[in-house]
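The structure displayed is predicted, hence computed values, not measured ones. Order of listing sets the numbers, starting from 1, for every ligand and every atom in it. The basis for the numbers below is simple: all heavy atoms, side chains too, and nothing from hydrogens, waters or symmetry mates.
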Amino acid sequence: MSEFDVVVVGSLNLDLVVRSARHPSPGETLTGSDYAEIAGGKGLNQAVCAARSGARVAMVGAVGDDHAGEYLRGIVQTEGIDDTLLATRPGVPTGRALITVDDSGENSIIIVAGANATVEVDRLPTSNVVLAQLETTTDVVEEAFRRGRAHGATTILNPAPAATLPDSLLDHCDVLVPNEHEVDLLGGRGALVSRVGHLVVTLGAAGAELVGIDGSISVPPSRVEPVDTTGAGDAFCGSLAARLAAGDDVADALRYAAAAGALATTVRGAVPSQPSRRDVLDLLDA
Ligand code: RIB
C-alpha cells in the first residue's frame with residue numbers, strides 16, 4: 001500500500017486580497033475594500049481540497065522563515081497534511097499573491113514566487129497520485145512525475161499559471177487539467193489529446209469536459225451563486241486527485257470535481273473556500 005493517496009508538489013502563498021467594483025485599467029487607481037490576508041497558493045489549495053475530500057495527503061513545497069511561512073505551515077498541519085517534505089528556506093520570503101476580486105467574483109492575480117522557486121524533489125513518498133501545477137519550476141514537476149511513476153502513481157498536471165511546457169514533461173503526464181486559455185497556449189485540444197492519458201478541460205461556470213480522440217463527455221456545472229472564483233480550479237484539481245486516488249473512474253471523479261469547484265466559488269478566499277466531502281456529496285444529491 002502507498003504511504004499516501006495524494007502527494008501534492010506545489011506552491012504555498014499568502015494571498016493579499018482586495019475587493020473592488022471592477023478591475024483597474026493600466027495607470028488607473030481605484031478604491032477597494034475588505035482587504036484580507038488569506039492562505040493560498042495553487043499547491044496548498046489543491047492539497048487542502050484533497051485532504052477535505054478524505055485523502056491522505058503529503059505536501060512537497062517550500063516556505064520562507066517568516067511569519068507567513070509559519071502561518072501556512074500551521075494550516076498544512078491543521079488540515080492533517082503531512083509536512084515532512086515542506087522545507088523552510090532561511091532568508092527567502094514566503095510566496096505572495098496580490099489578488100483583486102471584482103463585484104462579479106472574477107479575480108486577477110499577480111504572484112511573487114519567493115520560496116516556491118526553490119522547491120526541490122530529492123525524494124518522494126509513494127502515493128496513488130502525484131498532483132502538480134506550474135508555480136514551481138517545470139524541472140521540479142517533471143522530476144516528481146518521474147519518481148511518482150516509478151512508484152506506480154498516476155500523475156496529474158494542472159498547467160496553471162499558463163505556460164508552454166517541455167515535451168518531456170507532457171510525456172510524464174497521465175491526466176492534464178487545463179482551462180481553455182491554457183489549452184490554446186499548449187497548442188489546442190487536438191495536439192494535447194494524443195499526448196496524455198486523459199485531457200480534462202475546465203470551463204469555469206460551464207462545467208468541464210473530458211476530451212477524447214473520438215469526442216468529448218461534458219460534465220455540467222452545478223447551480224451556485226458565485227462570490228469569489230479564487231481557488232475554484234484548485235478545488236476541481238484537488239478533489240479530482242482525491243477521487244482518482246480512491247479508485248473512482250474518471251467520469252465519476254469529474255462529476256465530484258465539478259461540484260467541488262462550483263462550491264469553492266460560493267466562499268471568499270482560496271483555502272477557506274475548499275469544500276469538504278460532505279458539502280460536495282450534499283450538492284450532488286440536491
Ligand atoms: O488558484 C488560486 C491561487 O493562485 C491563489 O490562492 C494564489 O495564491 C495563486 O497561486
Side-chain angles (χ1 to χ4, degrees), residues 8-19 23 34-52 59-64 66 68-69 71-76 79 81 86 93-102 105-119 131-138 140-141 156-163 177-182 185 200 202-205 208 226-241 257-258 260-275:
V8 179
V9 178
S11 58
L12 303 93
N13 292 330
L14 186 65
D15 290 353
L16 314 181
V17 187
V18 66
R19 292 197 73 94
H23 295 279
D34 297 338
Y35 175 76
E37 299 188 359
I38 303 174
K42 295 184 193 304
L44 177 59
N45 300 338
Q46 295 183 17
V48 167
C49 194
R52 291 183 184 172
M59 174 98 217
V60 178
V63 293
D66 49 19
Y71 172 64
L72 295 176
R73 184 184 294 280
I75 302 263
V76 169
E79 295 287 338
I81 297 166
L86 175 59
T94 295
R96 294 287 197 286
L98 310 182
I99 303 182
T100 305
V101 181
D102 72 13
E106 275 304 329
N107 64 59
S108 57
I109 303 179
I110 298 174
I111 56 168
V112 182
N116 296 312
T118 72
V119 175
L131 171 63
Q133 322 74 31
L134 297 179
E135 287 183 346
T136 59
T137 66
T138 54
V140 160
V141 175
I156 305 179
L157 177 63
N158 173 217
V177 191
N179 63 22
E180 286 179 288
H181 171 61
E182 290 149 5
L185 189 73
V200 175
T202 57
L203 305 171
V227 296
D228 180 0
T229 57
T230 311
D234 299 327
F236 186 100
C237 295
S239 60
L240 178 69
L263 275 175
T265 69
T266 65
V267 178
R268 291 183 183 185
V271 161
S273 72
Q274 301 304 311

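Side-chain contact between Leu72 and Leu44 is present, with at least one heavy-atom pair separated by less than 4.5 Å. Taking the side chain as every heavy atom from C-beta outward, Asp228 and Arg19 approach each other to under 4.5 Å. Between Thr230 and Val101, the closest side-chain pair of non-hydrogen atoms falls below 4.5 Å.
If you look at ligand 1, the protein residues with a non-hydrogen atom under 4.0 Å away are Asn13, Asp15, Gly40, Gly41, Lys42, Asn45, Ala97, Ile109, Ile111, Glu135, Gly231, Asp234, Ala270.
In this structure, CD in Gln133 is found 10.5 Å from CD1 in Ile156, a value given to the nearest 0.5 Å. The distance from atom CG of Leu134 to atom CG of Leu157, rounded to the nearest 0.5 Å, is 5.0 Å. The distance from atom OG1 of Thr229 to atom CG of Asn107, rounded to the nearest 0.5 Å, is 4.0 Å.
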